[in-house]
Amino acid sequence: MAHVRKTTHSRKSGAHKTARRKIRARRSTARRSTKRATPKRWSQRVTRESDALDLEQGVFKLTSAKKIAASLKRSAGHSSRRKTGAYRSALSMLTFYINRAGKTLPKTQRSRLERAKVELKLAFGRA
């Protein structure tokens, strides 16, 4: 009986691994260059140039939840670029701001913005 020698690796595996490394290297440099090209704070640009609303300057920094809700309602009412109803646009912009701020948002401001959601409901008669 003839003895058959078993091999675990093919001869092509070395060349194949080298090709993979080259592809990975190209991808990583492409990723690095695209990260530099994108703006650092895209959410800030969205809040400023959004098609949903023309917001007043510093609306989310206001001291009262009622003032925030009133400002959002006013902005939503005057905006001609929004694609949905005024209430939905105002609420989505408020939620967007809260979500994008994430953990960096101070608890006092977060609670004020959450109260502004309730005030917004009341302002639009949705309570």
Side-chain angles (χ1 to χ4, degrees):
M1 217 163 143
H3 182 2
V4 178
R5 197 168 109 190
K6 294 181 180 179
T7 59
T8 56
H9 301 292
S10 69
R11 293 178 188 218
K12 293 181 181 179
S13 66
H16 187 62
K17 286 180 183 176
T18 307
R20 276 192 197 162
R21 279 190 212 119
K22 287 180 182 177
I23 291 169
R24 277 192 215 127
R26 274 189 237 129
R27 284 183 186 161
S28 66
T29 55
R31 283 186 197 135
R32 274 186 262 142
S33 64
T34 55
K35 281 186 181 177
R36 281 189 222 123
T38 58
K40 195 171 183 180
R41 297 179 188 221
W42 65 269
S43 58
Q44 182 180 21
R45 184 176 46 81
V46 167
T47 355
R48 192 177 56 240
E49 301 170 6
S50 169
D51 279 338
L53 296 177
D54 298 317
L55 295 173
E56 293 176 13
Q57 189 72 27
V59 64
F60 299 114
K61 306 278 187 214
L62 294 173
T63 56
S64 165
K66 282 186 178 182
K67 288 180 182 178
I68 294 170
S71 175
L72 285 170
K73 182 178 180 182
R74 194 169 36 253
S75 295
H78 292 303
S79 179
S80 59
R81 296 185 301 164
R82 62 184 160 81
K83 295 174 184 156
T84 63
Y87 170 70
R88 189 170 175 184
S89 292
L91 188 64
S92 68
M93 188 55 79
L94 182 57
T95 305
F96 172 78
Y97 182 81
I98 293 169
N99 291 341
R100 290 311 305 163
K103 293 177 183 176
T104 62
L105 193 63
K107 287 185 179 181
T108 55
Q109 190 178 0
R110 178 180 295 278
S111 64
R112 184 180 315 124
L113 293 172
E114 291 294 338
R115 282 194 319 270
K117 283 184 181 180
V118 176
E119 291 295 331
L120 201 58
K121 269 186 181 179
L122 293 171
F124 278 97
R126 303 259 180 142

Problem - Side-chain (S111) to main-chain (T108) donor-acceptor, under 3.5 angstrom - result: yes
Handout entry: Test item: S71 side-chain N/O and I68 main-chain N/O as donor-acceptor pair under 3.5 Å
Key = no
Problem - R74 and E56: CA distance, side-chain angles, deciding distance, side-chain contact (heavy atoms from CB on, under 4.5 Å) verdict - result: CA-CA 9 Å; R74 194 169 36 253; E56 293 176 13; 3.0 Å; yes
Exercise for the section: Would you check if the side chain of S92 reaches a backbone N or O of S89 as a donor-acceptor pair within less than 3.5 Å? Expected result: yes
Exercise for the section: Could you tell me whether the side chain of T95 and the main chain of L91 form a donor-acceptor pair under 3.5 Å? Expected result: yes
Practice task
Report yes or no: does K117 contribute a side-chain atom to a donor-acceptor pair with the main-chain N or O of L94 at less than 3.5 Å?
Solution key: no
Problem - R112 (side chain) donor-acceptor with T63 (main chain) under 3.5 angstrom - result: yes
Handout entry: Separation of L55 CG from S79 OG (nearest 0.5 Å)
Key = 9.0 Å
Problem - Gap between atom CZ of F60 and atom CD1 of I98 - 0.5 Å precision - result: 8.0 Å
Handout entry: Donor-acceptor pair, side chain of R110 and main chain of G102, under 3.5 angstrom
Key = yes
Handout entry: Exercise: identify the closest heavy-atom pair between A90 and A76
Key = CB-CB, 4.2 Å
Problem - F124 and Y87 aromatic ring geometry - parallel, tilted or perpendicular at 30°/60° bounds - result: perpendicular
Exercise for the section: To the nearest 0.5 Å, tell me how far L120 CG sits from L113 CG. Expected result: 11.5 Å
Handout entry: salt bridge (charged side-chain N to carboxylate O under 4.0 Å, His left out) between E119 and K67, worked out
Key = CA-CA 9 Å; E119 291 295 331; K67 288 180 182 178; over 6 Å; no
